[in-house]
Amino acid sequence: MEFEKIGVYNPDALYALQEIQPLEFALRSPIKRLDFIIGFLKKRKPEIVEAYVKKLEEKYGKLATKSYVDQSDIDIKKMISDLSNLKEFPDLAKRSLNLFLNLLEIEDNTDWIKEKTKIIQKNYIKSFLGPKYYNIESLVNIIEREEAVQLYKNYITEFMIDYYKDMEDNVEDLDAFWKKRFQNYAEDESDHWVVIHSKPNKGKLIYRKDVCLWIDAMEDFTDTEFKYLVCCYGDFQGAKRENKHFILTMDHTIAKGDPFCSCILHDTRIDWDLTHPPKEFWDSIWPLQE
């Protein structure tokens, strides 16, 4: 089996600029997820919702050292009026937005409500991964860790199903996915994600990720299991967004301390053998990026 490399390792990739509209992105990512997890807990474990909201308010408040929201004229209640769960907790929404802006390290003169701005990749990544990390961390602080982790996994799966409900079956088969994900990617190496990949064969697409900017950006976050949950766990359900017959196996991850992420995308219409090769196989397919 032949493998190709795409992407170029760039030690300065985290300092490349990313243009975003902060408020729009906050509503689409951390605040939308916060609304969903509160609704999820209302169904799965309603007796902890009040304590969880309080814990999040404390956590967000301590972490956000600059009061971007207080210095603006934004109407928080109006902002969250369409969010069925979070609208009950406007103070939590306010603190969530303020934490997000702190993680972005928005410049004081930025009109983050209306204007677009450029943010370094490191802060951009932390702005949407950091809140997810604090959400699982806060859950572990009020119930047993094992139960909290399982609840959070279930939440991620339900969120992904809901988020992609109108975007299923983007590709017909693995060949179409390979062309979209890898063949076209080779034309633009600006993301600095280094991937070793094969072409689809017998219902399997094998690829290895040698660099993960997400984990690089999260170097100051210490809990390995939490980082795996917020960076990697959604990929399993996300594979079904591409095609409902796809299943992803990924036994080694940079998030858990492995030198790479080992990935196989299986098309179960062709083969239900989900065997994942041991680390020795992944070590041998291409020299690791130094």
Qualifying salt bridge (Lys or Arg N to Asp or Glu O under 4.0 Å) pairs with a residue from residues 255-272, counting only residues at least two apart or across chains: Asp267-Arg269

Verify side chain to side chain contact (heavy atoms under 4.5 Å, CB included) between His266 and Ile264, making sure each step is shown before the conclusion. CA-CA 6 Å; His266 308 259; Ile264 302 181; 3.4 Å; yes

Leu151 and Leu41, any side-chain heavy atoms less than 4.5 Å apart: yes

Between the side chain of Lys132 and the main-chain N/O of Val230, is any donor-acceptor distance below 3.5 Å? yes

Show me the pairs that pass ring-ring contact (aromatic ring centres under 6.0 Å, His included) and involve residues 55-85, at least two apart or across chains. none

Remaining members of hydrophobic cluster (4.5 Å side-chain criterion), Ile254: Ile215

Going through the distances and angles, do Glu242 and Arg181 end up as a side chain to side chain contact (heavy atoms under 4.5 Å, CB included)? CA-CA 11 Å; Glu242 300 296 341; Arg181 180 73 177 272; over 6 Å; no

Please answer whether the main-chain N or O of Leu23 pairs with a side-chain N or O of Gln21 as donor and acceptor at a distance below 3.5 Å. yes

Please check: side-chain N/O of Asn98 versus main-chain N/O of Lys66, any donor-acceptor pairing under 3.5 Å? yes

Would you kindly confirm whether Leu274 and Leu265 end up in one hydrophobic cluster when ILVMFWY residues are joined by side chain heavy atoms under 4.5 Å apart? no

Is Arg145 salt-bridged to Glu225, going by a charged N under 4.0 Å from an acidic O? yes

Within the side chain of Ser138, is there an N or O that forms a donor-acceptor pair under 3.5 Å with the backbone of Asn135? no

Report the residues that fulfil side chain to side chain donor-acceptor pair (under 3.5 Å) with Asp70, sequence neighbours left out, ordered by chain and then residue number. Lys94

May I ask you to decide if the ring planes of Phe182 and His197 are parallel, tilted or perpendicular, using 30° and 60° as cut-offs? parallel

Smallest separation among heavy atoms of Phe236 and Leu248, with atom names: CD2-O, 3.3 Å

Between Ala51 and Ile142, which heavy-atom pair has the shortest distance, and what is it? C-CD1, 4.2 Å

Verify, without hydrogens or angle tests, whether Tyr9 (side chain) and Asp210 (backbone) share a donor-acceptor contact under 3.5 angstrom. no

To the nearest 0.5 Å, tell me how far Ser67 OG sits from Asn102 CG. 8.0 Å

CD of Glu19: more than 12 outside heavy atoms within 6.0 angstrom? yes

Would you call Asp175-Lys179 a salt bridge at under 4.0 Å N-O? no

To the nearest 0.5 Å, what is the distance between NE2 (His276) and OG1 (Thr249)? 4.5 Å

Is there a side-chain contact between Ile125 and Leu14, using heavy atoms and a 4.5 Å cut-off? yes

If we only count heavy atoms from C-beta on, is the Ile285 to Tyr207 side-chain gap below 4.5 Å? no

Between Leu205 and Trp178 the two heavy atoms that sit nearest each other are CD1-CD1, 3.9 Å

Taking the side chain as C-beta and beyond, is there a heavy-atom pair between Asn243 and Phe177 under 4.5 Å? no

Rounded distance (nearest 0.5 Å) linking atom CZ of Phe100 with atom CG of Asn123: 10.5 Å

What distance separates Leu97 CG from Arg95 CZ, expressed to the nearest 0.5 Å? 13.0 Å

Within-4.5 Å side-chain heavy-atom neighbours: Ile37 and Asn85: no

Please list, one pair per line, the donor and acceptor atoms closer than 3.5 Å that link side chains of residues 73-80 to other protein atoms, with sequence neighbours excluded.
residue: Asp75; atom: OD1; partner: Lys77; partner atom: N; Å: 3.2
residue: Asp75; atom: OD1; partner: Lys78; partner atom: N; Å: 3.1

Pair Asp273 + Lys204, salt bridge at N-O below 4.0 Å: no

Which pair of heavy atoms, one from Phe226 and one from Asp223, lies closest together, and at what distance? N-OD1, 3.0 Å

Whether Lys45 and Glu47 form a salt bridge (side-chain N of Lys/Arg under 4.0 Å from carboxylate O of Asp/Glu) is what I want to check. yes

Single-linkage hydrophobic cluster Tyr15~Leu103, side-chain heavy atoms < 4.5 angstrom: yes

Asn141-Glu137 side chain donor-acceptor pair, cut-off 3.5 Å: no

Main-chain N/O of His252 paired with Ser262 side-chain donor or acceptor, under 3.5 Å: yes

Give a yes or no answer on whether the side chain of Asp235 reaches the backbone of Gly238 with a donor-acceptor pair at less than 3.5 Å. no

Side chains of Asn201 and Ile206: does their closest heavy-atom pair fall under 4.5 Å? no

Quick one: do Phe128 and Trp214 satisfy side chain to side chain contact (heavy atoms under 4.5 Å, CB included)? Show the steps, please. CA-CA 10 Å; Phe128 61 85; Trp214 286 17; 3.7 Å; yes

Trp112 and Phe25 aromatic centres sub-6.0 Å: no

Give me the atom names and distance for the closest heavy-atom approach of Cys261 to Met250. CB-SD, 4.4 Å

Does any part of the side chain of Ser72, heavy atoms only, come nearer than 4.5 Å to the side chain of Ile113, both counted from C-beta? yes

Do Phe159 and Ile31 land in one hydrophobic cluster if side-chain heavy atoms of ILVMFWY residues count as linked below 4.5 Å? yes

List the atom of Ala148, the atom of Leu139, and the distance in Å for their closest heavy-atom pair. O-CD2, 3.6 Å

Hey, do the aromatic rings of Phe221 and Tyr134 have their centres closer than 6.0 Å? yes

Determine, for Lys126 against Glu105, whether the closest basic-nitrogen to carboxylate-oxygen distance falls under 4.0 angstrom. no

What distance separates Ile196 CD1 from Phe3 CZ, expressed to the nearest 0.5 Å? 9.5 Å

Starting at NZ of Lys43, measure out to OH of Tyr155 and round the result to the nearest 0.5 Å. 12.0 Å

With no hydrogens and no angle check, is any side-chain donor or acceptor of Ser127 less than 3.5 Å from a backbone partner on Leu104? no

Hydrophobic clusters here meaning ILVMFWY residues chained together by side-chain heavy-atom distances under 4.5 Å, can you tell me if Phe36 and Val49 are in one? yes

Could you note down all residue pairs passing salt bridge (Lys or Arg N to Asp or Glu O under 4.0 Å) where residues 29-42 supplies at least one of them, sequence neighbours left out? Lys42-Glu88

Path from Ile270 to Trp272 over hydrophobic side-chain contacts below 4.5 Å: no

For Lys209 and Trp193, indicate whether the former's side chain and the latter's backbone hold a donor-acceptor pair under 3.5 Å. no

Using side chain to side chain contact (heavy atoms under 4.5 Å, CB included), reason through Val194 and Lys5 one step at a time and then give a plain yes or no. CA-CA 7 Å; Val194 179; Lys5 185 183 84 165; 4.0 Å; yes

Any non-hydrogen side-chain atom of Leu229 less than 4.5 Å from a side-chain atom of Lys153? yes

